[in-house]
Peer 1: 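Sending over a structure as C-alpha cells; questions will come in a sec.
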Amino acid sequence: MTLELELQTLWAALVFYVLAGTVAIFGVVLQRKPERTVLGLLLAGLALQTLSIAFRWDRLGHGPYITMYEILLSNIWSLLTVYVIAYWRIPQIRATAAVVMPILFVMMGWLLMTSPNAGHLPATYHTVWLFIHIGFGKIFLGTVLVAVGISGIILLRQSRYGAGRFTRMPNDDRLDELSFRFMAIGLIFDTLMLIAGAIWAQDAWGRYWNWDPLETWAFLTWLFVAFSLHARFTYKTTPRTGALMVLGVFVLAFLTFFGVPFISPSPHKGAV
Amino acid sequence: MEQPDPLRNAPLQGILWQLLDILASLKFTLLIIVALAAGVIVAYTSKTQATWALVVPLAACAVNLAATVMTNPVFRRQTPLLIFHLALIAIVLLVAIGRLTYLKGQLELAEGEVFDGQLTQEESGPWHPRKLSELQFSNEGFTVSYAKGMRRGDTRNQVAWTDTEGRVHREVIGDQDALILAGYRFYTSFNKGYAPAFIWQPNSGGSPMLGTVHLPAYPLHEYKQSLEWTPPGSRMPLWIMLQFDEVILDPERPSEFRLPSQHRIIVREGEVRHELKSGESVRLADGVLVYDGLHSWMGYTVFYDFTLPWLLAAGMLAVLSLALHFWKKFSVRPWDKD
Ligand code: HEM
C-alpha cells in the first residue's frame with residue numbers, strides 16, 4: 001500500500017463527512033429531518049476512513065498514535081464512531097450533528113495541514129496498555145463530544161436565531177439530563193484512562209504518576225468533570241450553566257489531547 | 001421524602017452536629033475540588049517543593065467526605081456511590097502511605113557482577129523499610145537493539161537470583177519488565193556502557209583485586225570513553241580510555257549494542273602512556289595493573305512502593321462502583337424517550 005492510496009481514501013472519507021455535515025446543517029436551517037441521509041453519509045465516510053487507517057497500519061506496521069497527523073486521524077475516527085453510535089441509538093438528539101460536524105471539520109482541516117510522514121515508534125509503545133489507555137481516552141473524548149453536541153443545542157435555543165428551530169427536540173431540562181449522562185459515562189472512561197495510563201507509566205518509566213505536563217492536564221480535566229457533576233446537584237444549575245460547563249470540560253480535554261503533547265517535550269512522548 | 005435521622009437525636013447534639021453539617025457541606029466539596037486543581041497548578045509550576053498545595057486540599061477532602069458519609073442520607077440510599085467515594089479516599093490515603101514508604105534509586109552492575117545493596121543515587125520516604133541489602137541478583141549480560149537513526153529499541157537483560165530455598169532463577173528483564181524481589185522493582189535503563197576489568201596487584205602486598213571500571217554511558221558519551229580512576233590503596237590517579245575504530249551503532253541501519261571486536265585500553269599515569277590489550281599488564285608506581293578484558297555495564301533503576309497493588313484495587317473498585325451507580329440511575333428512565 002502506498003501513501004498515495006492511503007491519502008486518496010482519506011480524501012474520499014472527508015468528502016463524505018463534509019457532505020454529512022452540510023446536509024445536517026441544511027436540515028436545521030430548512031427545518032427538515034434528513035437523518036437517514038446523514039447517517040448513511042457518516043457510515044460511508046467511516047468505512048473509507050477505516051480503510052485508509054488500515055492501509056497506513058499495514059504499511060508502517062504500527063497503529064496511528066505517534067505523530068500529530070496520526071493522533072488527529074485516529075481521533076477523528078474514534079470521535080465519529082462514538083458519535084455515530086449515539087446518533088443511531090438516540091434519535092432524539094440527531095439534530096446535534098449540526099453542532100458536532102463543524103467541530104470535526106476544524107480537526108479535519110488541521111489534519112490536512114499536518115505532515116502524513118511516518119514517525120518513530122518508541123520502545124515503550126510495545127505493550128497492550130497502549131491500546132487500553134488510548135482506547136479509554138478516545139471513548140472519553142467521544143462521549144464528551146456527544147454532550148457538547150447536546151449542549152450546543154441548549155445554547156443555540158437561547159439565541160434569537162435558534163429559538164424556534166429545535167422545537168422537535170426534547171426540552172432543555174431533558175437535554176441537560178441527557179448531556180450529563182454522557183458526561184457520566186465520560187467520567188468512567190476518563191478514570192479508566194488514568195488508571196491504565198498509570199499502569200503503563202509504571203511499566204514504561206518505573207513510576208505510576210509523575211505530574212508530567214500531560215498527566216497534570218489530564219488530572220485537571222478529570223477534576224473539572226467531577227466539579228461539573230457536583231456543581232450540577234449542589235446548585236441545581238440551569239441547563240445553560242450545565243451546557244457551559246460541558247463546553248469547558250471539552251475545551252480542557254481537547255487541549256490535553258492535542259495541545260499539551262506537542263507544546264511540551266515531556267517524557268510522556270516515550271521516545272528516549 | 002427525607003427520613004428523620006435517628007443519629008441527630010443522640011445526646012451529642014447541638015454545636016457538634018452543626019459543625020459536622022458545615023464540614024459536610026457540598027459547597028465545601030466544590031471549593032475543595034477547585035482548591036485541589038489550584039494546588040496541582042501550584043505544585044506543577046512551583047520551582048520548589050510544594051507538596052502542601054496538594055496535601056491541604058486532599059486532607060480537607062477526606063474530612064469533608066467523612067462528614068458527608070456520616071450525615072448525608074444520599075450515601076445511605078446509594079451504596080455504590082458511597083463505595084465510589086470511599087475508594088477515592090482510600091486512593092488518597094494509599095498515595096500518602098506510598099509517599100512515606102517508597103524508594104526510588106539507581107545502580108550499576110557490570111556483566112557478571114552481583115548486586116550487593118549499594119545504590120548510586122536514591123530518594124525515599126521517611127518510613128521506607130530498608131530491605132534492599134538483603135537482596136541479591138546478578139547481571140548476566142544484555143542486548144539493546146537500535147533502529148535506523150540510532151533510535152533505542154528493546155533492552156533484554158538476563159539476570160539471575162537465588163530464592164530462600166537456594167534455587168537459582170533466571171529471568172530476562174527490560175526497561176518495561178521489572179525483576180521484582182521483595183517488592184523492589186528493578187528495571188534496565190538507557191544508562192549503560194563499557195566496563196574494562198582490571199586485576200590490581202598492589203606493591204604493598206596482599207591478594208590481587210579484580211574489579212571493573214564503568215566508563216561513561218554509551219552511546220550518550222560516545223566520544224568521551226575515558227575516566228580518571230585510582231586503584232584501591234594507590235596514591236596515583238590513573239586516566240583510563242577505551243579506543244576502538246569500528247562503528248557499533250550505525251545511524252544508517254538497524255544495529256545492536258555490543259562489545260567492539262577489537263579494542264585497546266590506554267592507561268596514563270602522569271605523563272606516561274601505556275596501551276594494553278586483553279591479558280597484558282603494566283607496572284605502575286604503586287603496583288601491577290593487568291587488563292582482564294572488556295565487559296558491559298548496565299544502569300538499573302529500582303522502585304519500591306508496596307501500595308501499588310492496593311492502589312490498583314482501589315482504582316478498580318472506584319470505577320466499578322461508579323459504573324454501577326450510573327447504571328442504576330440511568331436504567332430508571334430510558335435514553336430515547338421523554
Ligand atoms: C471531596 C469530597 C466529596 C464529597 C463530600 C462528595 C459528596 C458527594 C455526594 C453527597 C454526592 C451525592 C449527591 C446527590 O446525589 O445528591 C456525590 C455524588 C457524586 N460525586 Fe462526589 N463528593 C466528593 C468528591 C468527589 C470527587 C473527587 C469526585 C470525582 C470524580 C466525585 C464524583 C461524584 C460523582 C460522579 C457523583 C454522582 C453524580 C451523579 O449521580 O450525577 N465526588 N458526591
Peer 1: Should the pair B:R152 and B:F190 be classed as cation-pi, given the thresholds of under 6.0 Å to the six-membered ring centre and 45° from the axis?
Peer 2: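 Ring-cation test returns no.
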
Peer 1: Within the 3.5 Å criterion, strictly below it, is a donor on A:W200 or A:T127 matched to an acceptor on the partner's side chain?
Peer 2: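 Note: A:W200 and A:T127 side chains miss the donor-acceptor criterion.
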
Peer 1: Using non-hydrogen atoms only, which part of A:L194 is less than 4.5 Å away from chain B: side chain, backbone, both, or neither?
Peer 2: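 Interface part for A:L194: neither.
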
Peer 1: Return the option, out of B:L308, B:L322, B:L30, B:V34, with the maximum number of heavy-atom pairs under 4.5 Å with chain A.
Peer 2: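 Greatest number of close heavy-atom pairs with chain A: B:L30.
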
Peer 1: By a 4.5 Å heavy-atom criterion (distance strictly below it), what part of B:L88 contacts chain A: side chain, backbone, both, or neither?
Peer 2: side chain

Peer 1: Has A:R94 got its NZ or CZ under 6.0 Å from the middle of the six-membered ring of A:Y87, at an angle within 45 degrees of the ring axis?
Peer 2: yes

Peer 1: Given heavy-atom pairs under 4.5 angstrom as the criterion, report whether the side chain, backbone, both or neither of B:K148 touches chain A.
Peer 2: neither

Peer 1: Check the side chains of B:D175 and B:T188 for a donor-acceptor pair under 3.5 angstrom, ignoring hydrogens and angles.
Peer 2: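 B:D175 and B:T188 do have a side-chain donor-acceptor pair below 3.5 Å.
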
Peer 1: Considering only heavy atoms, which portion of B:A37 lies under 4.5 Å from any heavy atom of chain A: side chain, backbone, both, or neither?
Peer 2: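 Backbone plus side chain of B:A37, per the 4.5 Å heavy-atom cut-off to chain A.
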
Peer 1: Side chain from CB out, backbone as N, CA, C, O: work out which of these in A:I93 comes under 4.5 Å of a heavy atom of chain B, or both, or neither.
Peer 2: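 Interface part for A:I93: neither.
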
Peer 1: Taking atom types as modelled, is there a side-chain donor on A:Q202 or B:Y187 under 3.5 Å from an acceptor on the other?
Peer 2: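 The answer is yes; a qualifying pair exists.
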
Peer 1: Contact part of A:W129 toward chain B, heavy-atom cut-off under 4.5 Å: side chain, backbone, both or neither?
Peer 2: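 When you check distances to chain B, no heavy atom of A:W129 falls under 4.5 Å.
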
Peer 1: Is a side-chain donor-acceptor pair under 3.5 Å present for A:Y83 with A:T96?
Peer 2: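 On atom types as modelled, these side chains qualify, holding a pair under 3.5 Å.
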
Peer 1: Go through the atoms of A:F219 and report whether side chain, backbone, both or neither lie under 4.5 Å from a heavy atom of chain B.
Peer 2: side chain

Peer 1: Given that the side chain runs from C-beta out, which part of B:F326 has a heavy atom under 4.5 Å from chain A: side chain, backbone, both or neither?
Peer 2: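 It is the side chain, since no backbone atom gets that close.
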
Peer 1: Measuring heavy-atom distances to chain B, does A:I188 have an atom under 4.5 Å in its side chain, in its backbone, in both, or in neither?
Peer 2: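 Contact with chain B involves both backbone and side-chain atoms of A:I188.
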
Peer 1: Heavy-atom distances under 4.5 Å only: say whether B:L54 touches chain A with side chain, backbone, both or neither.
Peer 2: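 Looking at B:L54, just its side chain touches chain A.
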
Peer 1: Specify which of A:E177, A:R181, A:R89, A:H230 makes the most heavy-atom pairs with chain B at under 4.5 Å.
Peer 2: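 Between A:E177, A:R181, A:R89, A:H230, the count favours A:R181.
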
Peer 1: Is chain B contacted by the side chain of A:L220, its backbone, both, or neither, given a heavy-atom distance below 4.5 Å?
Peer 2: side chain

Peer 1: Ring of A:F166, cation from A:R168 - is the NZ or CZ under 6.0 Å from the centre and inside 45° of the axis?
Peer 2: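 So A:R168 doesn't make the cation-pi contact.
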
Peer 1: Would you say the side-chain atoms of A:N117 and A:Y69 include a donor-acceptor pair closer than 3.5 Å?
Peer 2: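 Side-chain D/A pair, A:N117 to A:Y69: absent.
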
Peer 1: Between B:I32, B:T155, B:T301, B:L36, which shows the greatest number of heavy-atom pairs under 4.5 Å with chain A?
Peer 2: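 Option with the top pair count is B:L36.
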
Peer 1: Please state whether the side chain, the backbone, both or neither of B:A147 comes within less than 4.5 Å of a heavy atom of chain A.
Peer 2: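 Only the side chain of B:A147 comes within 4.5 Å of chain A.
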
Peer 1: With only heavy atoms counted, which part of A:F189 is less than 4.5 Å from chain B, the side chain, the backbone, both or neither?
Peer 2: neither

Peer 1: With B:H128, which of B:Y184, B:F303, B:Y102 fulfils ring-ring contact (aromatic ring centres under 6.0 Å, His included)?
Peer 2: B:Y184

Peer 1: List the steps and the verdict of salt bridge (Lys or Arg N to Asp or Glu O under 4.0 Å) for B:K192 and B:E108.
Peer 2: CA-CA 8 Å; B:K192 63 182 177 307; B:E108 290 173 10; over 6 Å; no

